[in-house]
Amino acid sequence: MSTTAIASNFIKSIVEEDLRTGKNNGHVITRFPPEPNGYLHIGHAKSICLNFGLAREFNGACHLRFDDTNPIKEDVEYVESIKRDVRWLGFDWGDNMFFASDYFDQLHDYAVALIRRDKAYVCSLSTEEIRAYRGTLTEPGRDSPYRNRGIEENLDLFARMRAGEFEEGRHVLRAKIDMASPNVSLRDPVIYRIKKAAHHRTGDTWCIYPMYDFAHCLSDSIEGVTHSICTLEFENNRPLYHWFLDTLETPCHPEQIEFARLNLSYTVLSKRKLIQLVQDKTVSGWDDPRMPTISGMRRRGVPPQALRSFCDRIGVARADSMVDISLLEHCIREVLNIRAPRVMAVLRPLKVVITNYPEGHVDELEAPLHPENPEMGNRTIPFARELYIERDDFMEEPPKKFYRLAPGREVRLRYGYYITCREVIKNDHGEIMELRCTYDPASRGGGTPDGRKVKATLHWVCAQTAKPAQVRIYNHLFTTANPNEAPEGKDFRFNINPNSLEVLEGCQVEPHLAGAESGSRWQFERLGYYSVDPVESTPEELIFNRIISLRDTWAKVQAAEGKNAS
RNA sequence: UGGGGUGUCGCCAAGCGGUAAGGCACGGGUCUUUGGAAUCCGCAUUCGGAGGUUCGAAUCCUCCCACCCCAGCCA
């Protein structure tokens, strides 16, 4: 697994070319500019990896800048979560954490400068009137009757807007560009509006707030950003980005470059929809392990390097796309396979009594924590007369391709002994309650002197020493690859998977897991990767989250057989 | 129906006039004390379509088609 060769992409090429031609005196300054109005998700991770990755690769800097120009949507809770998530992903903004609100004074002065140049005016049309005057996609707009107000009057009105003399909606400041532009975003866009709301950082200092298009390009310029990378939907705004910087005297003129945002199958990546899932209680919160949020994935146990590796592999381009979630799952397994110590856990226990094993005797077996990495050391596993195996690992009437335990059949208990099933004990309802087996004392550790083969190796746990645990199995949050495709009159929630969470009680885990650290990640052999839930697990009541299952070719065989049968 | 974009394997994605990289998925083999991992092999005579230019086109030109974005005092 090579992680050094990061695939190139068109943005990297632009930066390289700029460096080659000495465009920004050899500087590369990017920025990740979230609005603190929600939690970060894997789509943001793509942007974070791109922006911080570029800075890292070209010896530049990436600023973390909060685009906090709309006080009614934003909150410190979100800025804290965003900082935590970026850090956890493995990136460092150093001293470069900024807020658009840091620049409110300068931004205000730029607005005044625009008025002085007769490039902005106070418009007193209502919201509805502004919309009507804007025209449509196919018809040009009409000039606002306030468009030719004198500079002095504009200055006075804008000062009074700032002073709080007017109610919200009474006036706005607009850039004077071109009401007939085929690009609607150039039809005299609003750049300041009155909002009598407290801002999470500036409190009630302001009652007018700048709009994104105005604040963003100027913030970039103030910070000396060289490459302002954003997603495709801002492409229409690019001429506006340049208009402000060309019209005003600014420190520098960054280049805006757009790329396609990430779409991932079987989930949704829009803050609006994610917030809906949280508010609906479809999930337990932003950090619900089923969420595609950074915090959800962190809680689930996904390692940050898996997310980085995923972002490297999906590439950066301009075509709309939907990445198959199996690629993410592959990246997670790839990291965990190398790093997760192996242990045994039985999720759906079936009791096994070894009839020829001495009662009361407990054997201590040695097993490596990672069969391919001896440096990880060993653990001891107790073995006794009563054990648990997985219910799925036994079939009374096994089909052709099932080669686990069945009546009369011999299998290996991993790192234990060979056992042979002698008897099936059932209750009055015909349910299998227990298996009576015999073991071969010569097979201790999992091999025999005669070298005979068994078809299967099962995981197991010693009944008297095992620790009980709860295990939470997560499946895709949606049942369809593109949840946004719903029947007429339904929205994405129509496709929510009712079985996205399965809680398994009464699981039995080997005693080595007794002191497992919060958040620690393990492979439960033959099952998958699991982590100790950092929020609800306690030493007394262990709770594990399934991060991802192992690849399961047996499940594939079963699915194929099922298909043939029907 | 205005403007701005995008179309290369099931899903991503290189390619930038010299004869289709890579990853995921999928199928098969080897190995195996995880039906895991590892490893090997296979997987686009063809680049949205149709014309044209050229010795040569996914790359250049023309026309057409499909999809995405824009009419917030959101970002």
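Proteins come first, then strands; the chains are lettered A, B, ... in the order of their sequence lines, and each starts at number 1. If you're wondering where the values come from, they're calculated on a predicted model, not measured in any experiment.
Here Glu223(A) does not pair with Arg31(A) in a salt bridge; the nearest charged N to carboxylate O distance is not below 4.0 Å. In summary, Asp392(A) and Arg404(A) do not engage in a salt bridge, as defined by a charged side-chain N under 4.0 Å from a carboxylate O. Ion pairing between a basic and an acidic side chain is recognised when a charged N comes within 4.0 Å of a carboxylate O; Arg452(A) and Glu410(A) show such pairing. Of the charged side-chain nitrogens involved, none lies within less than 4.0 Å of a carboxylate oxygen, so that Arg170(A) and Glu167(A) do not count as a salt-bridged pair. Classification of Asp102(A) and Arg65(A) as a salt-bridged pair fails, no side-chain N sitting under 4.0 Å from a carboxylate O. At a threshold of 4.0 Å, the pair Lys271(A)-Glu35(A) does not count as salt-bridged, since none of the basic side-chain nitrogens sits closer than that to a carboxylate oxygen. We find that Arg318(A) and Glu235(A) are joined by a salt bridge, their nearest charged nitrogen and carboxylate oxygen being less than 4.0 Å apart.
Looking at heavy-atom distances under 4.0 Å, Arg412(A) makes contact with a base. Contacts of Phe234(A) with the nucleic acid, taken as non-hydrogen atoms under 4.0 Å apart, include base atoms. Residue-level contact check: Pro33(A) touches neither bases nor backbone, having no heavy atom under 4.0 Å from any strand. Heavy atoms of Lys556(A) sit under 4.0 angstrom from primed sugar atoms or phosphate atoms, though from no base atom. Among the protein residues, Val316(A) comes within range of the sugar-phosphate backbone only, with heavy atoms under 4.0 Å from sugar or phosphate atoms but none that close to a base. Here Ser126(A) lies in heavy-atom contact (under 4.0 Å) with a base. Counting non-hydrogen atoms under 4.0 angstrom, Arg174(A) reaches nothing in the nucleic acid. Within the 4.0 angstrom heavy-atom criterion, base atoms lie near Asn237(A). Contact annotation for Tyr192(A): no contact, since no heavy-atom pair falls under 4.0 Å across all strands. Across all strands shown, Ile130(A) has heavy atoms under 4.0 Å from base atoms, whether or not it also approaches the sugar-phosphate. Using a 4.0 Å heavy-atom cutoff across all strands shown, Glu35(A) reaches sugar-phosphate atoms only and no base atom. If you check every strand for non-hydrogen atoms under 4.0 Å, Arg131(A) touches sugar and phosphate atoms only. No engagement by Ile191(A) is indicated, since no non-hydrogen atom pair under 4.0 Å with the nucleic acid exists. Val172(A) comes within contact range of at least one nucleobase, with a heavy-atom separation under 4.0 Å.
Taken residue by residue, residues 319-333 of chain A places heavy atoms nearer than 4.0 Å to RNA chain B at Ala319(A), Asp320(A), Ser321(A), Met322(A), Val323(A), Asp324(A), Ser326(A), Leu327(A), His330(A). Taking a 4.0 Å limit (strictly below) on heavy-atom distances, residues 546-554 of chain A reaches RNA chain B at Leu550(A), Arg551(A), Thr553(A), Trp554(A).
Residues satisfying the side-chain hydrogen bond (donor to acceptor under 3.5 Å, both in side chains) test with Arg261(A), not counting sequence neighbours, are Glu233(A). Residues that satisfy the side-chain hydrogen bond (donor to acceptor under 3.5 Å, both in side chains) test with Asn236(A), not counting sequence neighbours, are absent from this structure. With sequence neighbours excluded, the residues forming a side-chain hydrogen bond (donor to acceptor under 3.5 Å, both in side chains) with Asp67(A) are His216(A), listed by chain and number.
Remark: Arg546(A) fails to qualify as a cation-pi partner of Tyr529(A) under the 6.0 Å distance and 45° angle criteria applied to the six-membered ring. The side-chain tip of Arg174(A) does not point at the ring of Tyr121(A) from less than 6.0 angstrom away and within 45° of straight on.
Remark: A37(B) base-pairs with no nucleotide; criterion is Watson-Crick or G-U wobble with both hydrogen-bond distances under 3.5 Å. Judged by Watson-Crick or G-U wobble contacts below 3.5 Å, the nucleotide G2(B) has C70(B) as its partner. Pairing partner, A13(B): none, since no Watson-Crick or wobble contact has both distances short of 3.5 Å. Using Watson-Crick or G-U wobble geometry with both donor-acceptor distances under 3.5 Å, C43(B) finds no partner in any strand shown. In this structure, C60(B) and G52(B) make a Watson-Crick or G-U wobble pair, each of the two defining distances being under 3.5 angstrom.
Taking the six-membered ring where tryptophan is involved, the planes of Trp460(A) and Phe383(A) are perpendicular, since the angle between them exceeds 60° and thus also 30°. Ring pair His108(A)/Trp206(A) is tilted by interplanar angle, where 30° to 60° counts as tilted.
OP1 and OP2 of C11(B) both lie 4.0 Å or more from every side-chain N or O belonging to Ser265(A).
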Short heteroatom pairs, N/O only, protein and nucleotides 1-3 of chain B, under 3.5 Å:
unit_1, atom_1, unit_2, atom_2, d
G2(B), N9, Leu137(A), O, 3.2
G2(B), N2, Pro182(A), O, 3.3
G2(B), N3, Leu137(A), O, 3.0
G3(B), N2, Asn236(A), OD1, 2.9

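Here the side chain of Tyr403(A) is nearest to one of A71(B), A75(B), G35(B), namely G35(B). For Lys195(A), taking side-chain heavy atoms from C-beta onward, the closest of the listed nucleotides A13(B), C74(B), G35(B) is C74(B). With A71(B), G36(B), C69(B) as the choices, the nucleotide that has an atom nearest any side-chain atom of Arg134(A) turns out to be A71(B).
Summarising the geometry, the separation between CE on Met179(A) and P on C70(B) is reported as 19 Å, rounded to the nearest angstrom. When rounded to the nearest whole Å, the span between CZ of Arg526(A) and P of A37(B) equals 14 Å. One can place CG of Asp213(A) at 11 Å from P of A71(B), the figure rounded to the nearest angstrom. Going from atom CZ of Arg187(A) over to atom P of G4(B) covers 13 Å, rounded to whole Å. For the pair Glu561(A) CD and G35(B) C1', the computed distance is 14 Å after rounding to whole Å. Between the C1' atom of A75(B) and the CD1 atom of Ile72(A) lies a distance of 12 Å, rounded to the nearest Å. Between Ile82(A) atom CD1 and A75(B) atom P there is a gap of 14 Å when expressed in whole angstrom units.
Put simply, the side chain of Glu258(A) and the base of G4(B) share no donor and acceptor less than 3.5 Å apart. With hydrogens and angles ignored, a donor-acceptor pair closer than 3.5 Å exists between the side chain of Arg404(A) and the base of G35(B).
Only the P atoms considered, G48(B) is 13 Å distant from U6(B), to the nearest whole Å. Taking atom P on both nucleotides, G2(B) is separated from C64(B) by 12 Å, rounded to a whole Å. For the C1' atoms, the distance from G7(B) to U1(B) is 22 Å, rounded to whole Å. One P atom belongs to G22(B), the other to U39(B), and the distance between them is 16 Å to the nearest Å. Taking the P atom of each, C12(B) and C68(B) are spaced 14 Å apart, rounded to whole Å. Between A37(B) and G29(B), the distance separating the two P atoms is 16 Å to the nearest Å. A gap of 36 Å separates the C1' atoms of G23(B) and U62(B), to the nearest Å. One C1' atom belongs to C60(B), the other to A21(B), and the distance between them is 23 Å to the nearest Å.
Taking all atoms of both residues into account, the shortest heavy-atom contact from Thr30(A) to Asn51(A) is OG1-O, 2.9 Å.
Donor-acceptor pairing under 3.5 Å is recorded for the side chains of Glu129(A) and Ser126(A).
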